[in-house]
> 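Sharing a structure below in structure tokens format, with a few things to ask.
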Amino acid sequence: MERMSGPYVIRGSVSLPEAELMWRFSRSSGPGGQHVNTSDSQVELRFDLARTEALPAVWKERALQRLAARLVDGVVTVRASEHRSQWRNREVAAVRLASLLAEAAAPPPKPRRPTRIPRGINERRLREKKQRSQTKRGRSGRDWT
């Protein structure tokens, strides 16, 4: 069997450890013709987030907190069955897990610093509003006799 196209990089030099990935294969639902009942093409990839040593402590803490709803006993699970080939489903599942962990371990966004609108821009906006109002007022037929 060929090598996977990994390592699957989460971010920077941190990647998914091949030894900690637990794979499970089963028959995929949906169409597939004569091929469907003979191949286990659906892939379920499990990663023990609670016990892993591959992630920095800060990332691990963040990921555990953000993925709490998806975790079962500290294990995150990803499924892939969109391709007929088990190989491609493995690739999809691994990439999906890596991006899920990258998103979950990302630092929180910097808080927005409120800025004031420059006076000139505000005055121009009000001037244009007034002008538009005059234009529309001029369209009403009230003053015609």
Side-chain angles (χ1 to χ4, degrees), residues 1-140:
M1 192 167 167
E2 300 172 44
R3 275 278 311 134
M4 295 285 283
S5 66
Y8 296 96
V9 177
I10 296 173
R11 195 167 63 246
S13 62
V14 180
S15 58
L16 283 175
E18 196 68 44
E20 292 184 29
L21 299 179
M22 295 168 279
W23 299 92
R24 212 172 86 194
F25 308 102
S26 58
R27 299 221 169 107
S28 192
S29 64
Q34 295 170 334
H35 177 74
V36 76
N37 295 325
T38 59
S39 62
D40 291 341
S41 60
Q42 177 172 284
V43 172
E44 184 179 287
L45 175 58
R46 298 162 52 95
F47 179 67
D48 196 339
L49 185 58
R51 289 189 194 78
T52 188
E53 296 298 320
L55 297 177
V58 181
W59 288 20
K60 187 171 156 180
E61 200 60 44
R62 254 189 236 136
L64 283 168
Q65 204 170 22
R66 290 183 184 163
L67 296 175
R70 280 192 72 149
L71 297 177
V72 178
D73 297 328
V75 177
V76 65
T77 306
V78 173
R79 267 202 194 91
S81 62
E82 38 283 356
H83 301 289
R84 282 181 58 177
S85 148
Q86 183 191 99
W87 181 255
R88 285 171 68 193
N89 282 333
R90 283 177 68 139
E91 292 285 314
V92 169
V95 168
R96 202 177 283 167
L97 179 63
S99 65
L100 179 73
L101 290 175
E103 199 175 305
K110 289 188 175 130
R112 183 187 172 280
R113 276 187 32 223
T115 56
R116 290 189 51 214
I117 298 170
R119 195 208 272 133
I121 290 175
N122 209 22
E123 285 174 355
R124 188 181 76 196
R125 182 182 64 86
L126 292 172
R127 206 171 37 251
E128 286 171 359
K129 271 176 71 110
K130 194 160 273 183
Q131 197 172 355
R132 185 90 180 126
S133 156
Q134 291 298 326
T135 304
K136 289 192 170 194
R137 184 174 283 150
R139 290 180 187 157
S140 72

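Everything numeric here is computed off the predicted structure, so don't read it as measured data.
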> Inspect the surroundings of CD in E123 and state if more than 12 heavy atoms from other residues, nucleotides or ligands are less than 6.0 Å away.
yes

> Quiz question: by atom type and distance under 3.5 Å, do the side chains of E20 and T52 form a donor-acceptor pair?
yes

> Does the side chain of R125 pick up a donor-acceptor pair with the side chain of N122 at under 3.5 Å?
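A pair is found: one side chain offers a donor N or O, the other an acceptor, under 3.5 Å apart.
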
> State, to 0.1 Å, how close V78 and A93 come at their nearest heavy-atom pair, and which atoms those are.
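Nearest pair, atom of V78 first, then A93: CG1-O, 3.8 Å.
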
> Around atom CZ of R62, are there more than 12 heavy atoms from other residues, nucleotides or ligands closer than 6.0 Å?
yes

> Is the backbone N or O of Q131 less than 3.5 Å from a side-chain atom of T135, with the two atoms forming a donor-acceptor pair by type?
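Side chain of T135 to backbone of Q131: a pair is present.
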
> Check this for me: R51, atom CZ, are more than 12 non-hydrogen atoms of other residues, nucleotides or ligands nearer than 6.0 Å?
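Open: at most 12 neighbouring heavy atoms sit under 6.0 Å from CZ of R51.
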
> In this structure, are over 12 heavy atoms from other groups packed under 6.0 Å from E82 atom CD?
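More than 12 within 6.0 Å, yes.
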
> Can R46 be said to sit on top of W23's aromatic six-ring, NZ or CZ under 6.0 Å from centre and within 45° of the ring axis?
no

> Rounded to the nearest 0.5 Å, what's the gap from CG on L100 to CG on L67? Could you check?
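CG of L67 is found 5.0 Å from CG of L100.
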
> Rounded to the nearest 0.5 Å, what separation is found between the CD atom of Q86 and the OG atom of S26?
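Q86 atom CD to S26 atom OG measures 9.5 Å (nearest 0.5 Å).
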
> Measuring from atom CD of Q42 to atom CZ of F25, what distance do you get when rounded to the nearest 0.5 angstrom?
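Rounded to the nearest 0.5 Å, the CD-CZ separation comes out at 11.0 Å.
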
> Using a 6.0 Å cut-off, check whether atom CD1 of I117 has over 12 heavy atoms from anything other than its own residue.
no

> Could you state the interatomic distance from CG (L71) to CG (D48), rounded to the nearest 0.5 Å?
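Answer for the CG-CG pair, L71 versus D48, is 9.5 Å.
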
> Which atoms form the tightest heavy-atom contact between N89 and S41, and what is the distance?
ND2-O, 2.7 Å

> Testing the basics here: between E103 and R66, what is the closest heavy-atom pair and its distance to 0.1 Å?
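Looking at all heavy atoms of both residues, the shortest contact is O-NH1, 3.4 Å.
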
> Is there a side-chain contact between T77 and E44 (heavy atoms, below 4.5 Å)?
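Counting from C-beta outward, T77 and E44 do come under 4.5 Å.
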
> To the nearest 0.5 Å, how far apart are CG in L45 and CZ in R79?
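Here the rounded value is 11.5 Å.
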
> On a heavy-atom basis, which atom in K60 and which in L49 lie closest, and how many Å separate them?
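For K60 versus L49, the nearest heavy atoms are CE-O, 3.4 Å.
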
> Looking at S85 and R88, what are the two nearest heavy atoms and their distance?
OG-N, 3.1 Å

> Taking the side chain as every heavy atom from C-beta outward, state whether V92 and V43 have any atom pair closer than 4.5 Å.
no

